[in-house]
Colleague: 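Below is one structure. I have some questions about it.
Throughout, protein chains are lettered first and strands after them, A, B, ... in sequence-line order, and every chain is numbered starting at 1. Note: hydrogens, waters and symmetry copies are ignored here, and every other heavy atom, side chains too, is used.
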There are 2 protein chains.
Amino acid sequence: MAREDRIELKARMVTERLATLSAQPLADFAVLERLICQRAQEAPAHADLVREGESSAGIRMMLGGWACRYKMLVNGRRQLLSFVLPGELCDPYMHLLARMDHSLAALTPVTYAQLGREESERLVHDHPAVARALWIQTMFEIGVEREWTASLGQRVAFQRLAHLFCDIYLRLNMTGIAEDNWCDFPPTQGDIGDATGLSSVHVNRTLQDLRAANLITLTNKRLFIRNLEALKSAALFRPSYGVVAH
Amino acid sequence: MAREDRIELKARMVTERLATLSAQPLADFAVLERLICQRAQEAPAHADLVREGESSAGIRMMLGGWACRYKMLVNGRRQLLSFVLPGELCDPYMHLLARMDHSLAALTPVTYAQLGREESERLVHDHPAVARALWIQTMFEIGVEREWTASLGQRVAFQRLAHLFCDIYLRLNMTGIAEDNWCDFPPTQGDIGDATGLSSVHVNRTLQDLRAANLITLTNKRLFIRNLEALKSAALFRPSYGVVAH
DNA sequence: CGAGCCATTGAGGCCCTTCAAACATAGTGG
DNA sequence: CCACTATGTTTGAAGGGCCTCAATGGCTCG
């Protein structure tokens, strides 16, 4: 398949997601879809797409690969704030602030579309439906991050990892790139540790517990959820997901 | 002083904050200021202003007293997501989603202004400057929550509490209701525990450590920061604050 | 084939938790 | 006015979850 065709498929994935989330017709996003195709670009694994303190550009959409938002503390420790999955957006309205308050890095090689600041502002100005969908996406994203915060504060390691797997699988499933309890899971145990506030050693041991409990298999960057309902239950998972527009 | 006068002063506090944050003239917020005065109401301490799962109303602004956002887990544990201080807004665009993904409760007796959903939508539609300021406020708020997430994941108890005190004092100072390193601090040690992911017992002991290190005094719901620079340093505090509009 | 990254395992120890009880403070009703 | 109750703070003791340090082995890649 030609590269352009793949890009178009991925652009469609983004707009379909926005249309669903905002309960608006796909036709409202035709202009955005064209723009995405024109502005697609790539970055290697571990590349920083934007760093804390830099001025933020406009709208950025992940077409393929995984990225993550993170903050570095002055003592050198890193906290991941969230994973950015294919089909999702990265802080679409961050450019309202003068500077980024966190960094964004590629976890794997990524393909993404990047609109400039003025281009973004023109787009949302001329297309209120797009603007509305972007805000809804932003609120959705924040909701995911809030559940994450609850994890860090109140869940023990076993529950935290279980919750992470539920969260990721269901989000990938929403976008149509995960099915039958299988999905990609590229983060290393070190990455998972930075995301969950655990040491990589303890992540390793807790993963063994999850496997021993027959909840998951995780090998070669592929995750299989052996028992989704049991995993949800272990994760204290409650779906504030699927919450679409009013 | 008559009640109406007090409300007007507080409404002015809100609009001044929005004007500063968005770098727009105060005059742009005259309509909002009038609306606030008309829609002011009160609630007692511990009252839930809105609960997770309920449909969210429109814009809500804290005029006096402290509130908090929180999530309850199915095991009964509570995680505070953030404190809502006088002059701040509560999820101004939450009504884009069908249901609240968290609850909002009064920590002290509170005065707040509550606009209805349609009223809110009309306001932001007719007054783009207000809409812009509300979004900037939202992004600011999210930035604070993100720093909070980093705290829960990467800071030890001592640093976490130190960071909390820096955060609160500086935010109150921004709104002009804290000076000379003094401010109100109404949360109980239990509340602080739910906010920081610590047990109230350990909060108590860590507070003693902070006092012993000559960093703070905290008695009778009043906080005094004995040495702000030392406290910031202990908190690994880095100001992504004061980041105003682009 | 060495270099580097990642997963895994062991050992020791500290941070923080839970349980429990005593103490202080404030508001309530008889 | 003072028991009485409720709420919050403080302290002690014991234990466990998770951390750090350290070393080994598998895998990929230049």
Colleague: Is there a residue in residues 202-218 of chain B whose heavy atoms reach under 4.0 Å of DNA chain D, and which residues are they?
Modeller: B:Asn204, B:Arg205, B:Gln208, B:Arg211
Colleague: In whole angstrom, what separates B:Leu161's CG from C:dC15's C1'?
Modeller: 14 Å
Colleague: Quickly work out the B:Gln154 CD to C:dC15 P distance and round it to whole Å.
Modeller: 17 Å
Colleague: Could I get the full list of salt bridge (charged side-chain N to carboxylate O under 4.0 Å, His left out) partners for A:Asp91, not counting sequence neighbours?
Modeller: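 For A:Asp91 the salt bridge (charged side-chain N to carboxylate O under 4.0 Å, His left out) partners, ignoring immediate neighbours, are A:Arg69, B:Arg146.
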Colleague: Over how many whole Å does the gap from A:Gln189 atom CD to C:dT9 atom C1' extend?
Modeller: 12 Å
Colleague: According to the ring pair (Phe, Tyr, Trp, His ring centres under 6.0 Å) rule, which pairs have a member within residues 200-222 of chain A, sequence neighbours left out?
Modeller: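 Every candidate ring pair (Phe, Tyr, Trp, His ring centres under 6.0 Å) pair involving residues 200-222 of chain A fails, so no pair, neighbours aside, qualifies.
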Colleague: Using a strict heavy-atom distance below 4.0 Å, which residues from residues 72-86 of chain A are in contact with DNA chain C?
Modeller: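 Of all residues in residues 72-86 of chain A, none places a heavy atom under 4.0 Å from DNA chain C.
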Colleague: What integer distance in Å separates A:Phe158:CZ from D:dG16:C1'?
Modeller: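 Atom-to-atom, A:Phe158 to D:dG16, this comes out as 17 Å.
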Colleague: With distance as the sole criterion, is a donor-acceptor pair present between the side chains of B:Arg60 and B:Gln114 under 3.5 Å?
Modeller: yes
Colleague: I need the full list of salt bridge (Lys or Arg N to Asp or Glu O under 4.0 Å) pairs touching residues 149-160 of chain A, with sequence neighbours left out, sorted by first then second residue.
Modeller: A:Glu147-A:Arg155
Colleague: So what does B:Gly193 hit on the nucleic acid, given a heavy-atom distance under 4.0 Å: a base, only sugar-phosphate, or nothing?
Modeller: nothing
Colleague: Regarding B:Val156, tell me which of base, sugar-phosphate or nothing describes its non-hydrogen contacts under 4.0 Å with the strands shown.
Modeller: sugar-phosphate
Colleague: Would you mind listing every salt bridge (Lys or Arg N to Asp or Glu O under 4.0 Å) that reaches into residues 217-228 of chain B, with sequence neighbours excluded?
Modeller: B:Asp184-B:Arg222
Colleague: With sequence neighbours left out, which residue pairs that include part of residues 185-196 of chain A fulfil the salt bridge (Lys or Arg N to Asp or Glu O under 4.0 Å) condition?
Modeller: A:Arg78-A:Asp191, A:Arg78-A:Asp194
Colleague: Please list, chain by chain and in numerical order, all residues satisfying salt bridge (charged side-chain N to carboxylate O under 4.0 Å, His left out) with A:Glu179, sequence neighbours excluded.
Modeller: none
Colleague: Please collect all salt bridge (Lys or Arg N to Asp or Glu O under 4.0 Å) contacts where either partner lies in residues 208-217 of chain B, sequence neighbours excluded, each pair once.
Modeller: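 Sorted result for residues 208-217 of chain B: empty, none.
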Colleague: Within this structure, what is the CG-to-P distance between B:Leu198 and D:dG17, rounded to whole angstrom?
Modeller: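 Interatomic distance, CG of B:Leu198 to P of D:dG17: 18 Å.
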Colleague: Using the ring pair (Phe, Tyr, Trp, His ring centres under 6.0 Å) rule, collect all pairs that involve residues 56-78 of chain A, keeping only residues at least two apart or in two chains.
Modeller: A:Trp66-A:Phe83, A:Trp66-A:Phe185
Colleague: Let me know the distance between NE2 of A:His46 and P of D:dC29, rounded to the nearest Å.
Modeller: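 Whole-Å distance recorded here is 12 Å.
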Colleague: Can you name the salt bridge (charged side-chain N to carboxylate O under 4.0 Å, His left out) partners of B:Arg51, sequence neighbours left out?
Modeller: B:Asp48
Colleague: Using ring pair (Phe, Tyr, Trp, His ring centres under 6.0 Å) as the criterion, point out the one residue from A:Trp182, A:Phe165, A:Tyr169 that pairs with A:Phe224.
Modeller: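 The passing option is A:Trp182.
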Colleague: Counting the atoms with a prime plus P, OP1 and OP2 as sugar-phosphate, which does A:Ser199 contact under 4.0 Å by heavy atoms, base, sugar-phosphate, or nothing?
Modeller: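 Touches a base.
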Colleague: Report the C-alpha distance between B:Met174 and B:Leu21 in whole Å, list the side-chain angles of each, state the deciding distance to 0.1 Å, and finish with yes or no for side chain to side chain contact (heavy atoms under 4.5 Å, CB included).
Modeller: CA-CA 10 Å; B:Met174 273 181 68; B:Leu21 209 57; 4.1 Å; yes
Colleague: Estimate the overall bend of the helix from C:dC1-D:dG30 to C:dG30-D:dC1 from the end axes over five pairs each, rounded to 10 degrees.
Modeller: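 About 40° separates the two local helix axes.
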Colleague: Among C:dC6, C:dT9, D:dT11, which is the nearest nucleotide to the side chain of B:Val201?
Modeller: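 Out of C:dC6, C:dT9, D:dT11, the nucleotide with an atom closest to B:Val201's side chain is D:dT11.
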Colleague: Starting from P on D:dT10, measure out to CG on B:Asn220 and report it in whole angstrom.
Modeller: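 Computing the B:Asn220:CG to D:dT10:P distance gives 11 Å.
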Colleague: Nearest whole Å is fine: how far is D:dT7 P from B:Leu107 CG?
Modeller: 16 Å
